[in-house]
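Since the structure comes first, as structure tokens, the remarks are kept for the end.
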Amino acid sequence: FAPEFQVGDGIGMDLKLSNQVFNALKQHAYSEERRSARLHEKKEHSTAEKAVDPKTRLLLYKMVNAGMLETITGCISTGKESVVFHAYGGKSATEDKVIPPECAIKVFKTTLNEFKNRDKYIKDDYRFKDRFSKLNPRKIIRMWAEKEMHNLTRMQNAGIPCPQVVILKKHVLVMSFIGQDQVPAPKLKDVTLSSEDMKKAYYQILNMMQQLYKECNLVHADLSEYNMLWHDGKVWLIDVSQSVEPTHPHGLEFLFRDCRNVSQFFQKGGVAEALNERELFNAVSGLNITAENEVDFQAEIEALEKMNEDHVQNHGKKLSMFSSDGDPPIYDE
Ligand code: ADP
Ligand code: MN
């Protein structure tokens, strides 16, 4: 290896590399050398490499070696909590599972800082309750990845446009790539839509939010123009590791925040039909909160959450009040 090439075994770690993995690393080292020679630019060299730790890198190489992924082409996004790569899909080990031609690999970051400010989401999620207290940070990060996988699967089953899960390995989630030829679909915030498409997108999101709530029993909890992609003439939902069930102690607050983001985006975007945040909240949840202003509305939401929590305390289970009697109204163009 060239002296500056990071193979991950230079810091006293006893990594045993199989021949296959070693060869893949060597091959990669050569192509990296060629690439950096081409670029004449030391700084650009291997930013993607540095974004993941040696153990993660090994996990990725193993996927390539197993033939599941053809090549990992590069980094699409580096965020606070995750790094996302693009890859070309390879061959599947089993016949019934087809690997998409292009994949997105989401690597959840394993630093302590981020999990601290996220733990309010997962701590109160009863699905993870028994497991939370005993876990170390590394395992908690894996739970984020697992949660994203479960939530995506629920959405897929409901027919909501979203990435399809390919495989989960520890804190690395492989899913189908939304986009084409290595170019990710633009976020809603970055794309300029005709007023007709804007209106279409709005009604689609309204329907998806209702489906998410009713059929998937989920609140996205980070829904905004940053986590919606425009692809194939429709909106795709991504980034659902933080999504929670509506009866989560803060579930309705999260839903209200989602509604505010969506309402504001489409009202600013000139969709005259767009419901305001309170109307949208009622349309999605099927609840009928009548407060006329934001402060009172929020107070009612918190009162409902508290009522649910008290009920959980007293009876050991959640109230079924969030599932309303009637179906929420269907809004359509
Ligand atoms: P976070 O915002 O927590 O870093 P996201 O899941 O939102 O993580 O992913 C970050 C970015 O990576 C997205 O904004 C999007 O541009 C891109 N991305 C994520 N998943 C996919 C995917 N399946 N297909 C295409 N692009 C994706
Ligand atoms: Mn995101």
Side-chain angles (χ1 to χ4, degrees), residues 47-48 50-52 56 60 63 68-89 98-122 140-156 160-169 171-191 201 205 208 212 218-244 254 257-258 261-262 265:
T47 28
K50 284 185 195 122
V52 297
T56 306
L60 297 179
M63 291 181 184
M68 204 190 75
L69 298 177
E70 173 88 27
T71 36
I72 300 172
T73 62
C75 181
I76 306 168
S77 155
T78 317
K80 275 209 310 280
E81 280 130 7
S82 73
V83 185
V84 180
F85 297 95
H86 170 276
Y88 283 108
V98 182
I99 305 207
E102 292 183 76
C103 296
I105 308 170
K106 186 166 177 178
V107 177
F108 289 75
K109 285 201 190 170
T110 49
T111 53
L112 258 161
N113 284 341
E114 286 95 30
F115 105 87
K116 264 193 191 150
N117 59 37
R118 299 191 103 196
D119 74 348
K120 77 162 187 283
Y121 289 92
I122 212 164
I140 289 172
I141 299 300
R142 284 190 202 173
M143 275 170 62
W144 284 111
E146 196 185 314
K147 207 154 164 284
E148 175 128 31
M149 176 189 69
H150 285 308
N151 292 340
L152 283 175
T153 306
R154 282 193 198 183
M155 291 160 71
Q156 195 79 43
I160 296 174
C162 68
Q164 191 186 342
V165 172
V166 176
I167 199 169
L168 172 73
K169 288 264 189 220
H171 58 292
V172 174
L173 179 65
V174 182
M175 56 192 145
S176 64
F177 179 72
I178 313 302
Q180 212 187 342
D181 300 331
Q182 298 184 45
V183 183
K187 299 178 183 61
L188 223 46
K189 80 164 179 76
D190 292 325
V191 77
I205 290 163
M208 288 196 293
L212 197 61
L218 285 175
V219 169
H220 186 290
D222 194 17
L223 192 64
S224 74
E225 58 275 25
Y226 288 80
N227 282 328
M228 297 189 267
L229 307 182
W230 181 255
H231 178 64
D232 251 2
K234 63 183 172 197
V235 178
W236 299 65
L237 296 187
I238 60 163
D239 203 359
V240 291
S241 63
Q242 74 294 312
S243 301
V244 296
F254 296 152
R257 197 179 54 193
D258 286 353
N261 292 338
V262 169
F265 179 76

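Start at 1 and go down the list; that is how both ligands and their atoms are numbered.
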Location of contacts on [X] toward ligand 1, heavy atoms closer than 4.0 Å:
{"X": "V84", "value": "side chain"}
{"X": "I238", "value": "side chain"}
{"X": "K106", "value": "side chain"}

Looking at [X], which atoms of ligand 1 are within less than 4.0 Å of one of its heavy atoms?
{"X": "P163", "answer": "23 (N)"}
{"X": "S77", "answer": "10 (C), 11 (C), 12 (O)"}
{"X": "M175", "answer": "20 (N), 23 (N)"}
{"X": "N227", "answer": "7 (O)"}
{"X": "S82", "answer": "1 (P), 3 (O), 4 (O), 8 (O)"}
{"X": "F177", "answer": "24 (N), 25 (C)"}
{"X": "K187", "answer": "14 (O), 16 (O)"}

Side chain K106, main chain A145, donor-acceptor under 3.5 Å: no

Could you check whether any side-chain heavy atom of [X] comes within less than 4.5 Å of a side-chain heavy atom of [Y], counting everything from C-beta outward?
{"X": "C162", "Y": "M175", "value": "no"}
{"X": "E148", "Y": "F108", "value": "yes"}
{"X": "L212", "Y": "H220", "value": "yes"}
{"X": "M228", "Y": "I238", "value": "no"}
{"X": "Q182", "Y": "Y88", "value": "yes"}

Sequence-distant partners of H231, side chain to side chain donor-acceptor pair (under 3.5 Å), two or more places apart: none

Listed partners of N227 passing side chain to side chain donor-acceptor pair (under 3.5 Å), at least two apart: D222, D239

Test ring-ring contact (aromatic ring centres under 6.0 Å, His included) applied to F265 - qualifying residues, sequence neighbours left out: none

Heteroatom distance test (S176, ligand 1): nitrogen or oxygen, under 3.5 angstrom: yes

Under 3.5 Å: N/O of E81 near N/O of ligand 1: no

Greater than 12 external heavy atoms within 6.0 Å of Y226's OH: no

Sole candidate of L60, V83, V52 that passes side-chain contact (heavy atoms from CB on, under 4.5 Å) when paired with V172: L60

The single option from V240, I167, V165 passing side-chain contact (heavy atoms from CB on, under 4.5 Å) against M149: V165

Polar protein atoms (N, O or S) that approach the Mn ion (ligand 2) to under 2.8 Å: N227 OD1, D239 OD2

